[in-house]
Amino acid sequence: MAYFKISLFLILGITVCMLLFMIIILKKKNYRRAKYQEWEDRINLAINTAIFSDEEDIINRLISSSIIPQNVISLMRNSTFRKLLTSKIVAASKSLSGNSESNLKKLYVQLGLEQYALLSLKQSLWHIKAKRIQEIGVMGLQSSLNDIKGYLNDKNELIRTEAQVSVIKLTGFSGLNFLDSIHYKISEWNQIILLRELSHLPPEDFHGMNKWLKSDNNSVVAFALKLAGIYHRFAFYNDIEICLYHSDPDIRFQAIQTIAMVYKEKTAALLKGLFPEENQKNKKEIIKALKVIGNEEDIPFLFEIIGNLDNEMKLMVVDTIANISSDGLTDLKKIPEAHEYPLNEMIQQIEYTIKQ
Amino acid sequence: MSWQQLIFNIFTDGILLYSIILLSYYVFIGIFSIGEIRHYLRKNSFTDYRILASSSETPSISIIAPAYNEGANVIENVRSLLSIHYNKLEVLVVNDGSKDDSLEKLIIAYDLIKQPFFVNERVSAKKVLGVYKSQNPVYRKLVVIDKVNGGKADALNAGINISQNDFIVCIDVDCILEQDALLKLAKPFLESTTHRVIAAGGVIRIANGCVIEKGRLIKINLPDKFLPRIQTLEYIRAFLLGRMAWSRLNGLLLISGAFGAFDKEIVINCGGYDHNTVGEDMELVVRMRKYMEERGDPYKVGFIPDPLCWTEAPDTFKILGRQRNRWTRGTIETLKLHRIMFFNPKYSILGLLSYPYWFFFEFLAPIIEFIGFISFILFALLGLTDWVFFLQLLFLILSFGFLYSVFAILMEVLSYNQYKNSKDIFRLVMAALLEPFMFHPFVVWSAIMGNLDLLRNKNTWGEMTRQGFNQPKPKKL
């Protein structure tokens, strides 16, 4: 009985504490929401004015126009205000370029936000550290480059990713050098972020590709293959070709995609040769590649394989035949199977699509 | 000690032990979910999902939305699906032999034309009568499939057969998705470097009371009606606490049929949705997991706490009863189909933890509760009840239930805080107080009826009448 009473009091006590905590949180949130609105209006005005400013001392301009108060530096000690201001400046910088972006960077430095970012870089909480690394990259704080480089191989994936992106922001394509020594796998998500970052830079030559294509880290090889394809690095054709024989089927898959982007005259024959030994997924990719790089000469191969494929691949082959040869479908219709299910329906579908 | 007293003691001690284990589970789930939600929120606090929206490296996704007699709302619902932010997307609307004018309405509204189409029957589905695509390039993502009626699972299978993309997202056509729902749901599939993510789900929220305009959620409100409000609390508890904790353990057995994403290759290898169960959503996830376990491939079923999908909850006891009855039958059918996994170490956490949990605390809980209630009446009539002990125990259980609900509401306030009005939070707390008296007994009763219906071989879906979202003007449901 005593246990029951103790348990009951404990449960009721915790419930009351939770309810009180909830009330405090709600009050605090409501207060902040109202306060934020006031701050947000002021910060938005400051950012808009800074963007179009042609003066070096942006702070003075904002103070003289009473957009920000005289005591802005003391206001900066309020961490909530500072976080809001920083996030607004960083968000605006991400979507701007040229003078406007450079003005925001000046404002950021003149407000002393750089020091706060560097201080919180020493924080032990991973998400704060990652956020600051991102901030440093967006605001282009070159002086912090070496600090960030220390996180390129960090065990926390988010910190690592933000460091990699920031180093690319600060140094361009040469920032990819981290691929030489990265121990961890680069996730698909991470690769998308890196490619997106690189897409903002003017294309230039980058070194290390042959090393990355031979890396022991398969994710580095896959990423290097993507780079070679997107940036049309024809010079690495032979290295890409070697990847077609890689032990990891996912690397071979990527290599098929890439080689179709930097193809040579002999590429189609090479892929046709690999077809019988490949797994289903890679076979599909070879058929897709032939649709792009194939020609009349590949039609006999496609006619040869079509009888032994599953329906999904059969349809892909019909599509490829129709795309690489003007008479392909007419010739296909001459084979007896073309008048039977499923090939007859597939031909009808592809014919209709082409007409459309 | 008399034999009656002995039976009474064994019975009450058994129930007490069961309750202690169940309550311990809730404590564990509550605590375990905190870390997962916090980790997710921190991780995503500065994720820019627009990167995915514009990238050519994103996985291609097919949304499959089965529709049966949805003529009243189908145009707006499809418009809502077409407005979702995602680049490599096709929207497959499967008209499952509707008896109304759904198809005609779609043809006119979206300028559809029937096309010759080879249906690659990779998973079992009834005959496809036609595949329609739009002549208007604005609607190029839309594919409408007209097929012979075969039920939800069959319609989803038909969609799988026709889908062209690598991932499928199965939804109820009348759900309202957040604009960035697919961007958020695609991320778990791209993040893992050690495990293959075979399925992922997100939080489903109750849309009753919200303002919906042209298929879009304009304003979030707590439902005014009592039943949907209680279900709002129930969903917060289940999704924000339960599923987050199970996801952390990689032990999730259920991705809601209202909105879930799947790796199509695995779905096809497993044979697609099972037509013979009314719990096709849970059954598919269990089968996919079983398949991966048997192959020995490392895999994950992901779950994210973002509210991604808004659905209309039943607002009458009649419809709610049908829904809970069906959920019960679906659970039992799935557990029966995959009974080989019960405490089977070959299936690791799936066999040793997830399956036993569902067996003891999802399937058996309402039965034990019901037997407990009947026994209580009997024991009371026989004068065997120790009233002081009983009342203390009852109050303890009720207090714990209330505590767990308050904790869920607190987590909601601390994380997404969808209901910004303090009054709404107060109404949720009140709902938590009333739930054990005005909602829970009915849910238990519906589950008992589900068990009985299953014994009687009744396997109908049960008609789910909904009010619908799309009205000419913005409205409150």
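FYI, side chains are in, hydrogens and waters are out, and symmetry mates aren't considered; it's all heavy atoms of this structure. All chains are named by letter (A, B, ...) in the order of the sequence lines, taking the proteins before the strands, and each is independently numbered beginning at 1. Keep in mind that what you see is a predicted model, and the values were worked out from it rather than measured.
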### Task
Measure across A:K131 and B:F46 and return the closest heavy-atom pair with its distance rounded to 0.1 Å.
N-CZ, 3.7 Å

### Query
Side chain, backbone, both or neither: which part of A:Q348 has a non-hydrogen atom closer than 4.5 Å to chain B?
both

### Query
Should the heavy atoms of other residues, nucleotides or ligands under 6.0 Å from NZ of A:K185 be counted, would the total exceed 12?
no

### Query
Does the separation of the ring centres of A:F4 and B:F389 fall below 6.0 angstrom?
yes

### Query
Got more than 12 heavy atoms from elsewhere within 6.0 Å of NZ, B:K420?
yes

### Query
Around atom CG of B:D13, are there more than 12 heavy atoms of other residues, nucleotides or ligands at under 6.0 Å?
yes

### Query
Checking A:K29 side chain against B:V413 main chain: does a donor-acceptor pair fall under 3.5 Å?
yes

### Proximal component of A:I192, with respect to chain B [non-hydrogen, under 4.5 Å]
both

### Message
Is it true that, when you exclude B:Y49 itself, more than 12 heavy atoms of the residues, nucleotides or ligands shown sit nearer than 6.0 Å to its OH?
### Response
yes

### Query
What part of B:V429 lies closer than 4.5 angstrom to a heavy atom of chain A: side chain, backbone, both or neither?
side chain

### Summary
Bottom line for B:L414: the part with an atom under 4.5 Å from chain A's heavy atoms is both

### Task
Tell me, for B:K133 versus chain A, whether the close heavy atoms (under 4.5 Å) come from the side chain, the backbone, both or neither.
neither

### Query
What heavy-atom pair brings A:W189 and B:K187 nearest, and what distance separates the two atoms?
CE2-CE, 3.3 Å

### Task
Please say whether more than 12 non-hydrogen atoms of neighbouring residues, nucleotides or ligands are located less than 6.0 Å from NZ in A:K27.
no

### Query
Is it the side chain or the backbone of B:F189 that comes within 4.5 Å of chain A heavy atoms, both, or neither?
neither

### Interatomic spacing from CZ in B:F117 to OG1 in A:T353 - rounded to 0.5 Å
8.5 Å

### Query
Checking heavy atoms, do the side chain of B:I113, its backbone, both or neither come under 4.5 Å from chain A?
side chain

### Message
Using heavy-atom distances under 4.5 Å, tell me whether A:A91 contacts chain B through its side chain, its backbone, both, or neither.
### Response
neither

### side-chain contact (heavy atoms from CB on, under 4.5 Å) between B:R122 and A:E312, worked out
CA-CA 9 Å; B:R122 290 168 286 191; A:E312 189 183 1; 3.6 Å; yes

### Query
Can you say whether A:Y341 sits under 4.5 Å from chain B via the side chain, the backbone, both, or neither, judging by heavy atoms?
side chain

### Query
Checking A:I186 against chain B: side chain, backbone, both or neither under 4.5 Å from a heavy atom?
backbone

### Query
Of the backbone (N, CA, C, O) and the side chain (C-beta and beyond), which part of A:I25 lies under 4.5 Å from a heavy atom of chain B, both, or neither?
side chain

### Message
Quick check on B:S399 against chain A: is it the side chain, the backbone, both or neither that has a heavy atom closer than 4.5 Å?
### Response
both

### Query
Contact part of A:E162 toward chain B, heavy-atom cut-off under 4.5 Å: side chain, backbone, both or neither?
side chain

### Query
Heavy atoms, side chains only, cut-off 4.5 Å: are B:F118 and A:I347 in contact?
no

### Task
Look up atom OG in B:S422 and atom CG in A:N30, then write down how far apart they are to the nearest 0.5 Å.
4.5 Å

### Crowding at CZ, A:F9 (>12 non-hydrogen neighbours, <6.0 Å)
no

### Message
I need the residue from A:S187, A:P342, A:S87 with the largest number of non-hydrogen atom pairs under 4.5 Å to chain B.
### Response
A:S187

### Query
Among A:M346, A:Q356, A:Q191, A:K94, which residue forms the greatest number of heavy-atom pairs with chain B at distances under 4.5 Å?
A:M346

#### Entry: Shortest non-hydrogen separation from B:L396 to A:I11 and the atoms involved
CD1-CD1, 3.8 Å

#### Entry: Distance in Å, B:L190 CG paired with A:I193 CD1, rounded so as to fall on 0.5 Å steps
10.0 Å

### Query
Would A:R196 and B:E57 pass as an ion pair if we require N to O under 4.0 Å?
no

### Query
Is it the case that more than 12 heavy atoms not belonging to B:R50 sit under 6.0 Å from its CZ atom?
no

### Heavy-atom contact with chain B under 4.5 Å, split by part of A:K314
neither

### Task
Let me know if B:T47 has heavy atoms under 4.5 Å from chain A in its side chain, its backbone, both or neither.
side chain

#### Entry: Between CD on residue B:Q115 and NZ on residue A:K355, distance to nearest 0.5 Å
11.5 Å

### Task
Hey, could you give me the OG1/CG distance between A:T15 and B:L403, rounded to the nearest 0.5 Å?
4.0 Å

### Summary
When every non-hydrogen atom of A:M18 is compared with those of B:L410, the smallest separation belongs to CG-CD2, 4.0 Å

### Query
Any side-chain heavy-atom pair from B:V406 and A:M22 closer than 4.5 angstrom?
yes

### Query
With a 4.5 angstrom heavy-atom cut-off, which part of A:I350 approaches chain B: side chain, backbone, both or neither?
neither

### Message
Using a 6.0 Å cut-off, check whether atom CZ of B:F426 has over 12 heavy atoms from anything other than its own residue.
### Response
no

### Message
Using a 4.5 angstrom heavy-atom cutoff, name the option from A:L19, A:L315, A:V16, A:I230 with the most pairs to chain B.
### Response
A:L19

#### Entry: Contacting region of A:N344 [heavy-atom separation from chain B under 4.5 Å]
neither

### Heavy-atom proximity to chain B below 4.5 Å, by part of A:L158
side chain

### Summary
Applying a strict 4.5 Å limit to non-hydrogen atoms, the region of B:S54 in contact with chain A is side chain

### Query
Which region of A:E157, side chain (C-beta onward) or backbone (N, CA, C, O), has a non-hydrogen atom less than 4.5 Å from a non-hydrogen atom of chain B, or is it both or neither?
side chain

### Query
Among A:E188, A:R33, A:H127, which residue forms the greatest number of heavy-atom pairs with chain B at distances under 4.5 Å?
A:H127

### Task
Kindly compute the distance separating CG (B:N120) from CG (A:D310), expressed to the nearest 0.5 Å.
7.0 Å

### Message
On a heavy-atom basis, which atom in A:W126 and which in B:K43 lie closest, and how many Å separate them?
### Response
CH2-N, 3.7 Å

